[in-house]
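Numbers here are sequence positions counted from 1.
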Amino acid sequence: MSENNRFARSVAMNWLALGFSTCVAFFLSPFVVHHLGNVAYGIWTLVISLISYMGLLDFGLRGAVVRYVSRFKAQDDHRSANRTVSAALWLRFWVSLVAILIGLFLAHYTPEYFHIPAELQRPARLAITVAATSFGVTLLGGVFGGILVALHRFDLLGSIAISQTTVRALGVIWLLREGHGIVALACWEFVVVLAANLVQVLLAFRNYPQLEIVLAKPAEEILSAIWGFSAYVFFIQICVQVMYYTDNLVVGACVSAASVTFYAIGGTLVEYIRQFTSSLVTTFMPLASKFEAEGQREKLQNLLIKGTNAALAVALPVQVALLFRGSTFIRLWMGSQYATESGRVLQILLLGQILSVTTHTGANIAYGMGRPKPMVLWRVGEAAANLVLSIILARRIGISGVAWGTAVPSLFISLFFFPQFASHLVGLRVGTYLRKSWVPPFLGVIPFALACFVTDRYWHAATLVHYLIQLAAIFPIYILGIAFFFGRDLLEFLQSLNVLPPRLSRLLRPSGPEKKG
């Protein structure tokens, strides 16, 4: 399989896996909320948020495994690749033990700190302990997942994700119907995570026959090389964790555990959009690494501009639809009691998230070029402002204040820092970058935005199916908009990556004399 075809397959499988998991979560969320209740579901969300913070214990090692295994394999230096993997696995083993100990600590103090009702404190402690153990398993298996990423086997990772989502969902449905609670959910998650990571290990050895693991303390030069890259990634991960996963904790601490449910409903929809966009731009990282190694500056520039076009083209219709019709969607999806508060949270978060999509493309290109260092400082500033504003505003205006605390710093960074950084990264003028990458997608979405506003105001949806039919009816307006403003450029970009089927690519190829030379 050619490199371009593998890239296309990777993008397709990433979208398929994420689309599948999003659909499952979409239909499963109301079921879980109504079976657990607002308080228990809020506690379950807090458990997940607390454990997600342990993702910081990765220390950027997965990114280091991806970068160095990819490089060493391309150089047929399998010995160095094996030393890198062995070092990462040795480090992850000890970090996994630390994660479990942290889980025990959190299990002891969390229930009282978040004012969890007495009858749910013991289940909360058990759920946190089991979830922390699951995370320890994930840390170990993540090394082998990094190997599969370095080999560009997103298809295998996507297949694992789809299987994991399916098995998890079936177990959750059965457990809740049988009257079990959050402890049973945590135990089932452990079983599913253990199985999925064992499969990752087997696939890594199968697809990289030269892989050999030596579990011993690595040499100092190996640790230094890994830390030289992963340290910056680690600091960025800390900031991302604060920006995207602190909100539920702030709501639980400053408002109430039950309020977490109202916030999480709106926040989850924004997280789905972020993950969906990331599934596309993550695949830009190995491309950027290849172009940078070959000194192809023009291709890097094209990847940044057209990649940003593509990311915005994917995210904008969903963001705009939820911005104008979010409350209606939540009312039909979760129930009328959540429409007002959760809808307001969703709209506020979207104001900050719309432009942050543009940062994802440039960030992955920066990782691929080995240039994460310049991003550390502005990420630290964004995370600090996010946390401080969220706490201050939560005490004044409740969960809407937490949303504003997240949206405002994100919007500021996306407007005033990132365009300069991304442009300088690949040698573009700021004006050229904005004109070619930002302006066409935003112009293209304006007609669709107007259609969403008019539809929500004058064409009321009675059911969720009716809502989706309405979106399907007006979606061609968006297709016409992007086709008019930048459709040709986007098609040329996809053709250059061989993402389109060969027959369709030939059909869309511009007519006229071919250039020689």
Side-chain angles (χ1 to χ4, degrees), residues 32 36 39-62 88-145 164 168 171-172 175-176 180-198 200-201 215 217 230 234-235 237-242 244-254 256-258 260-261 264 387:
V32 176
L36 288 178
V39 176
Y41 182 79
I43 294 170
W44 180 240
T45 303
L46 287 173
V47 170
I48 296 173
S49 298
L50 285 169
I51 299 304
S52 71
Y53 259 87
M54 292 187 186
L56 299 176
L57 295 175
D58 171 68
F59 295 112
L61 288 175
R62 181 182 171 95
L89 192 62
W90 183 84
L91 290 170
R92 280 283 183 92
F93 173 78
W94 295 107
V95 172
S96 297
L97 294 180
V98 172
I100 295 173
L101 292 176
I102 293 175
L104 293 173
F105 174 82
L106 292 174
H108 181 73
Y109 289 102
T110 295
E112 295 180 2
Y113 181 77
F114 287 103
H115 310 293
I116 293 175
E119 67 274 13
L120 291 174
Q121 288 189 6
R122 184 173 183 274
R125 290 191 173 97
L126 291 173
I128 292 172
T129 302
V130 176
T133 305
S134 299
F135 181 76
V137 173
T138 300
L139 280 176
L140 288 173
V143 174
F144 298 94
Q164 185 175 353
R168 178 193 291 119
V172 167
L175 289 170
L176 292 180
H180 297 285
I182 61 176
V183 176
L185 295 182
C187 291
W188 180 242
E189 178 68 14
F190 172 77
V191 173
V192 175
V193 165
L194 180 62
N197 280 278
L198 286 175
Q200 277 193 153
V201 173
L215 289 179
K217 184 178 179 180
S230 63
F234 169 60
F235 285 118
Q237 286 177 342
I238 293 177
C239 299
V240 170
Q241 201 75 20
V242 171
Y244 294 118
Y245 299 102
T246 303
D247 289 359
N248 290 324
L249 302 181
V250 173
V251 172
C254 298
S256 69
V260 174
T261 299
L387 183 59

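- Looking at Leu126 and Ile182, their side chains never come closer than 4.5 Å, going by heavy atoms from C-beta outward.
- Scanning all heavy atoms of the two residues, the minimum distance from Gly103 to Ile128 falls at O-CG2, 3.6 Å.
- From Leu91, atom CG reaches atom CG of Leu139 across 11.5 Å, with rounding to the nearest 0.5 Å.
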Apply side chain to side chain contact (heavy atoms under 4.5 Å, CB included) to the pair Leu176 and Val32, showing each step before the final yes or no. CA-CA 7 Å; Leu176 292 180; Val32 176; 3.9 Å; yes

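- Looking at every heavy atom in both residues, Ile100 comes nearest to Thr133 through CG1-CA, 4.1 Å.
- Interatomic distance, CD1 of Ile102 versus CG of Leu97, reported as 11.0 Å (0.5 Å rounding).
- Contact of the Leu140 side chain with the Leu89 side chain is registered, since non-hydrogen atoms from C-beta on lie closer than 4.5 Å.
- Between the side chain of Gln200 and the main chain of Phe144, no donor-acceptor pair closer than 3.5 Å is present.
- Applying the side chain to side chain donor-acceptor pair (under 3.5 Å) rule to Gln164 yields no partners; only residues at least two apart in sequence or on another chain are considered.
- Of all heavy-atom pairs spanning Thr138 and Arg92, the tightest one is O-NH1, 4.4 Å.
- Looking at every heavy atom in both residues, Ala99 comes nearest to Ala132 through O-CB, 3.9 Å.
- Applying the side chain to side chain contact (heavy atoms under 4.5 Å, CB included) test between Asn197 and each of Leu194, Val193, Val201 identifies Val193 as the sole match.
- When all heavy atoms of Ala186 and Ser134 are compared, the pair lying nearest together is O-OG, 4.3 Å.
- Closest heavy-atom contact between Thr129 and Ala107: OG1-CB, 3.5 Å.
- Using a distance-only test at 3.5 Å, with no hydrogens or angles considered, no donor-acceptor pair links the side chain of Ser256 to the main chain of Gly252.
- When side chains are defined from C-beta on, Phe105 does not count as touching Leu101, because their heavy atoms never get closer than 4.5 Å.
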